[in-house]
Amino acid sequence: MTEHEHKHVRVAVIGSGFGGLGAAVRLRQEGITDFVVLERASGVGGTWRDNSYPGCACDVPSHLYSFSFAPNPDWPRTFSGQEHIRAYLEHVADVFRLRPHIRFDSEVKRMTWNPELLRWDIETAGGTSQASGSGGGTLSADVVVSATGPLSDPRIPEIPGLESFPGKVFHSARWDHDYDLTGKRVAMVGTGASAIQIVPAIQPKVAGLTLFQRTPPWVMPRVDRAISGAERWLHKQVPSTAQARRGLLWAIRELQVQAFTKHPNELGFVERLAKANMARAVKDPALRAKLTPDYRIGCKRILLSSEYYPALTRPNVDVVASGLSEIRGHTLVAADGSEAEVDAIIFGTGFRVTDMPIAERVVGADGRTLAESWKDGMESLRGAAAAGFPNWMTIIGPNTGLGNSSMILMIESQLNYMADYLRQLDVLGGRAALDARPSAVHAWNRRVQDRMRRTVWNTGGCTSWYLDAGGRNTTIWPGTTSEFRRATRRVDLAEYEVVRAPAAGETADRAERPEVTA
């Protein structure tokens, strides 16, 4: 056994995207240096490393899509491209001296709670770290912070004949940069946030582009521009100006939340704006009919693009208003019977959000996996803790997603909760763990789902990736980011059982506390 085949740390962080790097920074700020970041890839960045497709960019303004503790006065555009966001995350890893803690190429295969030692035993597939070189094998941790993110594992639908398609196939999050699309007949499957960026980026170079659209999205103009040198100079010299810019962007989105969560009917005005945007670019009434949604705007994420609609009007583009149902050699057959001959298929079909693969690899106190615990739908306490999984927390857990603002705000709130969680463990002293009470988890989720009933995501008349197989919205937060921040400011010990290390021959002791019922 080599030096790094087994190691115990206080905290193991899984993933090095915004959530994982944010957790690492916060741990250092709390004076905790005994931690490791386990990353399955060879570099940091998470979804902004994996998604490198042509046209990839963020639909949240740059100055709101960064950590409050690591402002970037040098954003080049009001909406940043993938390369700028990834460079920002690399910068964060360097400035906060995180690289010695990161073990790259170290995919987590299994995490098992050890009730005798009150720790998580973690199996990884190899790994390297800047500080220690070769690693891998097994390690253990008092606390696990899972920051794998919901947009990390691509979902490709099961299409009859796909396995025998003779051309090129890849998902938007696994773009094959060695494959030249120039002059090719290409099928784009899906019309989500990735697809509306890919279509205008590749349309000028392909011979033909067939868009398989199961459901048309609502699309608003993307008012993007270069940030002038004078603005960037001002933000560097007077940081309060960048803070004010960020604050204004945040406040506008906080005010918008009411329409999404309490008054969906007020969104009719926004629909009229979206239809006017479409009409300016799409003159053909038959194409406009294909592209007009039949559900309330906001039910699915509102997409931003000023190039998508114009690209669909080009002669080499065909919109098939039906999902892909079968593949026969080079021939793709839609559900409406229409056919297209293609050389390559690009899937923009989203990710495994409500059935995250990491849940299959986490084994809790009763021997069940997290996936088994969540078989009827994901639920956790304040988006962080799952009952039966002591000292295990998620960043961007169930019902922490947003439909209109920056996820970085939600991540920072969860980092506050993580920090207080670790402080509470210090106060308890000795070998102890916190396990979320089932009653507290259920009470929290009842409140979330009660609020969800009137939101546009539940009443808007669409089927979206926000909903799980049972039709329950387990992804979106039905409130403002400030509400969530207040809800996660501190850990309430009444919502947890305190687990103490057992004496020889005994089972783990759980301190008795009043049950949380509402």
What closest approach, in Å, do Val44 and Arg49 show between heavy atoms, and which atom pair accounts for it? O-CB, 3.6 Å
Evaluate the criterion side chain to side chain contact (heavy atoms under 4.5 Å, CB included) for residue pair Ser194 and Tyr53; output intermediate values, then yes/no. CA-CA 8 Å; Ser194 299; Tyr53 57 79; 3.5 Å; yes
Salt bridge (charged side-chain N to carboxylate O under 4.0 Å, His left out) between Asp121 and Arg110, intermediate numbers included: CA-CA 8 Å; Asp121 293 328; Arg110 199 166 184 83; over 6 Å; no
Just wondering, more than 12 heavy atoms not from Lys205 lying within 6.0 Å of its NZ? no
Would you call Arg155-Asp355 a salt bridge at under 4.0 Å N-O? yes
Is the terminal nitrogen or CZ of Arg368 (NZ for Lys, CZ for Arg) located under 6.0 angstrom from the six-membered ring centre of Trp374 and within 45° of that ring's axis? no
Restricting to non-hydrogen atoms, name the atom on Thr459 and the atom on Arg453 that form the minimum distance, rounded to 0.1 Å. CG2-O, 3.1 Å
Is Arg382 salt-bridged to Glu495, cutoff N-O under 4.0 Å? yes
Is it true that Lys168 and Asp176 make a salt bridge, defined as a side-chain N closer than 4.0 Å to a carboxylate O? yes
Run the numbers on Phe18 and Tyr65 for ring-ring contact (aromatic ring centres under 6.0 Å, His included), then give the verdict. CA-CA 10 Å; Phe18 267 102; Tyr65 203 77; 5.2 Å; yes
How close do Pro157 and Leu162 get, heavy atom to heavy atom, and via which atoms? O-CD2, 4.1 Å
Look at atom NE2 of His91 and say whether more than 12 heavy atoms of other residues, nucleotides or ligands are closer to it than 6.0 Å. no
In plain terms, say whether Arg352 and Glu360 are close enough for a salt bridge, that is, a side-chain N and a carboxylate O under 4.0 Å apart. yes
I would like to know whether Val257 and Asn404 meet side chain to side chain contact (heavy atoms under 4.5 Å, CB included); could you show each step before the answer? CA-CA 7 Å; Val257 170; Asn404 73 308; 3.7 Å; yes
For the ring pair (Phe, Tyr, Trp, His ring centres under 6.0 Å) test, which of Tyr466, Phe484, Phe260 pairs with Trp477? Phe484
Got a salt bridge between Glu90 and Arg99, using NZ or NE/NH1/NH2 to carboxylate O under 4.0 Å? yes
Look at the aromatic rings of Tyr88 and Trp75 and report parallel, tilted or perpendicular, splitting at 30° and 60°. tilted
Tell me if the centroids of the rings in His171 and Phe347 come within less than 6.0 Å of each other. no
Restricting to non-hydrogen atoms, name the atom on Ser380 and the atom on Pro398 that form the minimum distance, rounded to 0.1 Å. OG-CD, 3.3 Å
Minimum heavy-atom distance between Gly22 and Phe69, given as atom pair plus value: CA-CZ, 4.4 Å
Does a side-chain N-to-carboxylate-O contact under 4.0 Å join Arg119 and Asp142? no
Counting only heavy atoms not in Arg174, do more than 12 fall under 6.0 Å of its CZ? yes
Between Thr191 and Ile196, what is the shortest heavy-atom contact and its length? O-CG2, 4.1 Å
